[in-house]
Amino acid sequence: MIPDYDLTETFNTDNLHNPVGIIRESMEEIKRIYGSRESFYIVNGSTSALHIAMMSATNPGDKILIQRNSHMSVYNGTILCKLNAEYLMPKYDLEKEIIGSLDVAEFELKTRRKDIKAAVILNPSFYGLCPDLEKIIEIAKSRDIILIVDEAHGPHLKFNKKLPLSAVELGADFVIHSTHKTLPALTQTSLLHICSEKVDIERVRQVSRILQTSSPSYIFLTSMEQAVGYMDTDKARIKLSKLIDDIIIFENNIKKIDGIKLVEDNDLFYKKDITKIIFGLDGISGDDLRNNLHENYGIDMEYADLNYVVGILSVMNDKGDLIRLEDAIKEIAKNRNTHNPIEKKIQNLIYPEIDKSIQEAFYSEKERIPLEDSIGRTSASYIIPYPPGIPQLAPGEIIKEDHILLVEEMKSKIEIIGLIGDRQDLIEVLK
């Protein structure tokens, strides 16, 4: 049955692409709550929000910096916008075996070039790790580089002072929020915030009309309005504050479990969003731990890599959820096989050797060959473990033996996007 609020542009409902009535009023309220210069509803997800920001900030042929552990949508944006991408490599913690946040020194070095038009960075990363965003924004402003902050996993940061500061508060040029990640909104809903005077807002509107559907879901619009409105209430703010306190207690408790591996604040990143919990157990791979939690305890974690599981908590969780998870971890730890330890796996990003730009490779003539025969060839495809959707190989990059080894290690445990065939044993390369 179709709900009676599944509306479209008709009498008294306003138009997302030319808002002058109720949608305009609603977006003004979003702007007030977040403190942005302008805020836009995005009904095509944060993928579309990122593309709108990238196209609004650049012209075809421009050079753009991309944090290497960005979502694949950022890479695809370079194809749509015909951009030349260079990469900002995040730090890596050899002891913890985890990819950290962006280093200020890396950003400062790469932005010395005069031909860089814009940069896309993460705050927080998929693991909840945040860079020193204030310094990064300061550098970007001093060098007249438009900074696009993919804050898809951080729309909640604004609502509690115990959390890292949001890029909106710090004045980045563009900030993207996936309201469905950590706010109680429907999947595919997103916000695009403009937070500086450098951005041409009319150009953003024009690009939005190009890249967003002309039939926006009013159910999505209502969902975003209600989610942000709820977060701005005393009730939600108190719940979020209590949840953070409960997470601190939870993490202190599980630290005492024999064999636990817990990612906390360290020099790998400037700050950590505590609503993301990252843990593992000696003797169990991350994917096996995640499967165990799902199958035997009815607890679904967001993601697993080779060493850890990642859980995302929101204002809709409570202390009872953390108690259930703590009890499950204790039981799994007690029953695990400690006589057959699992070797920690290095999970760093494979440093790219670039032959052609992504968009040039995308439009080049291609052929399909066995992955095992592709070493040394220029890829026309991606290798993307999903989730989280971060490419280990992008079009235009030289395929290395490390890529083959990575696929063999991961494809039985994690979905790999970009390979071809039922056995995922073929890859497209340039002729």
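Residues: numbered from 1 along the sequence shown.
Residues passing the ring-ring contact (aromatic ring centres under 6.0 Å, His included) test with Tyr218: none are found, sequence neighbours excluded. Residues forming a ring-ring contact (aromatic ring centres under 6.0 Å, His included) with Tyr75 (at least two apart in sequence, or on another chain): Tyr87. In this view, Arg143 and Glu108 satisfy the salt bridge (charged side-chain N to carboxylate O under 4.0 Å, His left out) rule, not counting sequence neighbours. Every residue was checked against the salt bridge (charged side-chain N to carboxylate O under 4.0 Å, His left out) condition with Asp355, not counting sequence neighbours, and none meets it. Among residues two or more places apart in sequence or in another chain, the side chain to side chain donor-acceptor pair (under 3.5 Å) test is passed with Ser196 by Asp173. Judged as a side chain to side chain donor-acceptor pair (under 3.5 Å), and not counting sequence neighbours, Lys135 has no contacts. Every residue meeting the side chain to side chain donor-acceptor pair (under 3.5 Å) condition with Glu86, not counting sequence neighbours, appears here in chain and number order: Arg113. Listed by chain and number, the residues in a ring-ring contact (aromatic ring centres under 6.0 Å, His included) with Phe107 amount to none (sequence neighbours excluded). Scored by the salt bridge (charged side-chain N to carboxylate O under 4.0 Å, His left out) test, Asp232 finds Arg32, Arg237 as partners (sequence neighbours excluded).
Within the structure, salt bridge (charged side-chain N to carboxylate O under 4.0 Å, His left out) contacts touching residues 46-55 (residues at least two apart or in different chains) do not occur. Annotation: ring pair (Phe, Tyr, Trp, His ring centres under 6.0 Å) contacts involving residues 160-192, sequence neighbours excluded, comprise Tyr34-His177, His177-His193. Under the salt bridge (charged side-chain N to carboxylate O under 4.0 Å, His left out) criterion, no residue pair touches residues 71-80, with sequence neighbours excluded.
With a 4.5 Å cut-off on side-chain heavy atoms, Val315 and Met231 count as touching. Here the side chains of Met54 and Thr78 are in contact, with some heavy-atom distance below 4.5 Å. Looking only at side-chain heavy atoms (C-beta outward), Leu289 and Phe279 come within less than 4.5 Å of each other. Here the side chains of Glu151 and Ser166 are in contact, with some heavy-atom distance below 4.5 Å. Contact annotation: the side chain of Lys110 never approaches that of Ile116 to less than 4.5 Å [non-hydrogen atoms, C-beta and beyond]. Looking at heavy atoms from C-beta onward, Val429 lies in side-chain contact with Ile427 at the 4.5 angstrom threshold. By the 4.5 Å heavy-atom criterion applied to side chains, Asp282 and Lys261 are counted as neighbours.
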Set out, in order, the CA-CA distance, both residues' side-chain angles and the distance that settles salt bridge (charged side-chain N to carboxylate O under 4.0 Å, His left out) for Glu251 and Lys255, then state yes or no. CA-CA 6 Å; Glu251 290 195 339; Lys255 280 182 200 176; over 6 Å; no
Criterion side chain to side chain contact (heavy atoms under 4.5 Å, CB included) on Glu97 and Leu306, from CA distance to verdict: CA-CA 10 Å; Glu97 303 291 6; Leu306 299 175; over 6 Å; no
Kindly determine whether Asp150 and Ile121 satisfy side chain to side chain contact (heavy atoms under 4.5 Å, CB included), including the steps that lead there. CA-CA 6 Å; Asp150 181 355; Ile121 69 166; over 6 Å; no
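Counting non-hydrogen atoms of neighbouring residues, nucleotides and ligands closer than 6.0 angstrom, the NZ atom of Lys198 exceeds 12 such neighbours. For His17, the NE2 atom sits in a packed shell: over 12 heavy atoms of surrounding residues, nucleotides or ligands are nearer than 6.0 Å. With a 6.0 Å radius and a threshold of 12 heavy atoms from other residues, nucleotides or ligands, Glu134 has its CD atom at or below the threshold.
For Ser217 (side chain) and Phe220 (main-chain N/O), a donor-acceptor pair under 3.5 Å exists by modelled atom type.
With respect to the salt-bridge test (charged N to carboxylate O, under 4.0 angstrom), the residues Glu169 and Lys161 qualify.
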